[in-house]
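What's counted below: heavy atoms across the whole structure, side chains too, no hydrogens, waters or symmetry copies. What you see is a predicted model; the values in this text were computed from it and never measured.
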Amino acid sequence: MNARPCALKRRHILGWMGAAACPAIAPAAEATPAEPMAAASTASPAPPALDVAALRQGYAKRLKALLADGHLPYIDIESSCHSQKLDLDDIAKALDSQHTGLMALSADIGKGQYERGVRYDPLNQRLLAAYPDRFIPVGNGGQGPCLNEDPTGFVAAQEAAARQGQLLLLGEYEFHHYPSPRQVKRGEFEREAKLPIDGPTGHAVFGLASRTGLAFQLHYELEDANFPPLEKMLAQYPKARVVWCHLAQIRYEERAPHYTADYVASLIQRFPQLSFDTAFGDASSIYPASGQHHARVWTALGGLKDEWRDLIAAHPQRFLSALDLGGDRLDRIASYDTKHRHFLAQLPKPVQEQVAYRNAWRLMFGEEFA
């Protein structure tokens with residue numbers, strides 16, 4: 001990989017994330033099977049790089065204003081949408097009414113866009129032009145059809161956007177994804193996806209994160225068979241920062257007997273680049289395909305189980321707020337906000353602030369929120 005594009009962005013990136021945030025080239029031990037940038041092409045001139053200093057200033061001003069008004073602002077690290085079906089003003093108004101800090105709203109590339117050759121959706125430009133103090137510029141969602149049918153082209157396009165200084169985070173990559181409860185109820189089982197995380201696509205994504213210094217979100221169902229290959233990849237790519245989505249969300253309990261708070265603690269101790277987001281259902285949520293309560297952090301009465309509260313309190317810097325809003329539920333921000341704040345309220349107050357916004361701030365900017 002040519003180191004020059006990264007070096008050109010140092011004044012935009014290195015000043016706020018530190019030298020490790022934009023490595024010139026991946027170490028040999030972390031090389032991907034193929035160089036994805038070879039497939040990249042652009043039909044129009046690249047937009048100017050983000051004014052990261054201005055974004056950071058606007059984000060900080062908003063968070064501090066909410067804190068001064070007595071609210072706990074949180075940064076939603078994981079939500080997504082169909083960019084062509086987005087009512088941006090309604091979303092912004094909902095964020096304000098719920099006193100939400102920031103949202104990382106990722107564009108998912110649908111079948112129509114894919115067939116037209118789209119591999120990068122520049123939704124971020126619209127978001128930041130309208131509401132630069134509310135939205136975080138994030139890469140596109142790594143899911144079908146892009147990740148399944150053209151992973152090389154998709155990863156190349158995401159890397160090009162990152163190299164052009166367009167992103168603070170990469171998107172959510174789905175390596176093992178069961179249909180959501182809503183999709184199961186609608187009979188949309190084609191949404192299920194399973195890619196080997198230690199296969200060529202996995203190496204491409206981990207390599208992308210290593211080279212750019214940007215964290216990516218990982219959707220990877222909690223099942224015992226999935227753990228060894230993920231651990232292998234985390235060991236092979238120590239510079240790839242990973243946010244494993246949906247802490248303790250287990251669709252089929254019988255497939256994950258070894259996923260416990262102690263197991264997560266062991267991952268935290270072994271892999272310093274690994275974090276977890278806290279997007280999961282409430283205590284009453286049932287996964288219809290299994291008939292099981294799939295948010296395993298809750299007691300039957302709706303309190304946080306001691307072992308999960310103790311885990312988060314012991315490692316408060318490794319967990320992040322998330323709503324996991326999607327294109328079919330962006331009108332439900334208020335109810336998702338209520339459920340997430342119920343979770344945050346179960347934590348000790350200093351830990352609440354870490355999970356709500358401080359950890360995401362550090363993930364994006366490589367510094368503590370002042």
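- For the pairing with Phe276, the side chain to side chain contact (heavy atoms under 4.5 Å, CB included) check across Val243, Val264, Ile312 returns one residue only, Val264.
- Here the side chain of Asp133 pairs no donor or acceptor atom with the backbone of Gly58 at under 3.5 angstrom.
- Membership of the apolar cluster around Val184 extends to Tyr178, Phe189, Tyr252, Tyr287, as traced through chained side-chain contacts below 4.5 Å between ILVMFWY residues.
- Using a 4.5 Å cut-off on side-chain heavy atoms (C-beta onward), Leu86 and Leu105 make contact.
- The shortest non-hydrogen separation linking Ile197 to Met233 is O-CE, 3.4 Å.
- The ring pair (Phe, Tyr, Trp, His ring centres under 6.0 Å) search around Tyr131 returns none, not counting sequence neighbours.
- A centroid separation of 6.0 Å or more is found between the aromatic rings of His294 and Phe280.
- The hydrophobic clustering, which links ILVMFWY residues whose side-chain heavy atoms are closer than 4.5 Å, places Leu66 and Ile75 apart.
- Rounding to the nearest 0.5 Å places OG of Ser80 at 12.0 Å from CD1 of Ile109.
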So Tyr59 and Leu168, side-chain contact (heavy atoms from CB on, under 4.5 Å) or not? Walk me through it. CA-CA 13 Å; Tyr59 294 161; Leu168 294 183; 4.1 Å; yes

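- Between Gly101 and Arg62, the shortest heavy-atom contact is O-NE, 2.7 Å.
- Every residue two or more places apart in sequence or in another chain that forms a salt bridge (Lys or Arg N to Asp or Glu O under 4.0 Å) with Glu253 is listed here: Arg296.
- Residues passing the side chain to side chain contact (heavy atoms under 4.5 Å, CB included) test with Gln84, sequence neighbours excluded: Gln113, Arg116.
- Every residue meeting the side-chain hydrogen bond (donor to acceptor under 3.5 Å, both in side chains) condition with Asp337, not counting sequence neighbours, appears here in chain and number order: Tyr74, Arg341.
- Side chain of Ser290 to backbone of Arg251: a donor-acceptor contact under 3.5 angstrom is found.
- For the pairing with Phe216, the ring pair (Phe, Tyr, Trp, His ring centres under 6.0 Å) check across Trp244, Phe206, Tyr237 returns one residue only, Phe206.
- When all heavy atoms are compared, the tightest approach of Glu192 to Pro179 is CB-CD, 3.7 Å.
- A donor-acceptor contact shorter than 3.5 Å links the side chain of Arg241 to the backbone of Leu363.
- Annotation: side chain to side chain contact (heavy atoms under 4.5 Å, CB included) contacts of Thr299 (sequence neighbours excluded): Leu301, Lys305.
- A 4.5 Å side-chain heavy-atom check between Leu330 and Cys81 finds at least one atom pair inside the cut-off.
- A 4.5 Å side-chain heavy-atom check between Asp90 and Asp331 finds every atom pair outside the cut-off.
- Neither side chain, Asn226 nor Glu221, offers a donor N or O lying under 3.5 Å from an acceptor on the other.
- Side-chain contact between Ile77 and Leu169 is present, with heavy atoms from C-beta onward closer than 4.5 Å.
- Counting heavy atoms from C-beta outward, Asp108 and Gln143 have side chains that approach closer than 4.5 Å.
- Atom CD of Gln317 sits about 6.0 Å away from atom CD of Glu368, to the nearest 0.5 Å.
- A donor-acceptor pair is defined here as one N or O able to donate and one able to accept, closer than 3.5 Å; no such pair exists between the side chain of His99 and the backbone of Pro73.
- Taking CG of Leu167 as the reference point, atom CD1 of Ile136 lies at 12.0 Å (rounded to 0.5 Å).
- Residue pairs meeting the salt bridge (charged side-chain N to carboxylate O under 4.0 Å, His left out) criterion with at least one member in residues 344-357, sequence neighbours excluded: Glu353-Arg358.
- Residues satisfying the side-chain hydrogen bond (donor to acceptor under 3.5 Å, both in side chains) criterion with His177, sequence neighbours excluded, are absent altogether.
- For the pair Tyr173 and Leu195, the minimum side-chain heavy-atom distance is 4.5 Å or more.
- Going from atom OG1 of Thr260 over to atom NE2 of His258 covers 9.0 Å, rounded to the nearest 0.5 Å.
- A donor-acceptor pair under 3.5 Å is absent between the side-chain atoms of Asn124 and the main chain of Gly139, judged by distance alone.
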Starting from the C-alpha separation in whole Å, work towards a yes-or-no answer on salt bridge (charged side-chain N to carboxylate O under 4.0 Å, His left out) for Asp306 and Arg309. CA-CA 5 Å; Asp306 290 345; Arg309 180 187 295 105; 3.2 Å; yes

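- When all heavy atoms are compared, the tightest approach of Leu170 to Ala209 is CD1-CA, 4.1 Å.
- Panel note: side chain Gln98, backbone Ser335; no donor-acceptor pair is recorded below 3.5 Å.
- Checked against salt bridge (Lys or Arg N to Asp or Glu O under 4.0 Å), Asp121 has no partners two or more places apart in sequence or in another chain.
- When all heavy atoms are compared, the tightest approach of Ala49 to Gln166 is CA-NE2, 3.7 Å.
- Remark: Glu367 engages Arg56 in a salt bridge, criterion side-chain N to carboxylate O under 4.0 Å.
- Criterion: ILVMFWY side-chain heavy atoms under 4.5 Å apart, direct or through other members. Under it, Phe343 and Ile286 are not part of a common hydrophobic cluster.
- Looking at Lys64, its side chain does come within 3.5 Å of a backbone N or O of Ala370 through a donor-acceptor pair.
- Under the 4.0 Å criterion applied to side-chain N and carboxylate O atoms, Arg134 and Asp76 are not assigned as salt-bridge partners.
- Between the side chain of Asn140 and the backbone N or O of Gln158 there is no donor-acceptor pair closer than 3.5 Å.
- Every residue was checked against the side-chain hydrogen bond (donor to acceptor under 3.5 Å, both in side chains) condition with Asp310, not counting sequence neighbours, and none meets it.
- Although no hydrogens or angles enter the test, the distance criterion places no donor-acceptor pair under 3.5 Å between the side chain of His246 and the main chain of His219.
- For the pair Gln346 (side chain) and His342 (backbone), a donor-acceptor distance under 3.5 Å is present.
- For residues 264-288, every residue pair satisfying the salt bridge (charged side-chain N to carboxylate O under 4.0 Å, His left out) rule, not counting sequence neighbours, is listed here: Glu231-Arg270, Asp282-Lys339.
- Looking at residues two or more places apart in sequence or on another chain, you find a salt bridge (Lys or Arg N to Asp or Glu O under 4.0 Å) between Glu188 and Arg186.
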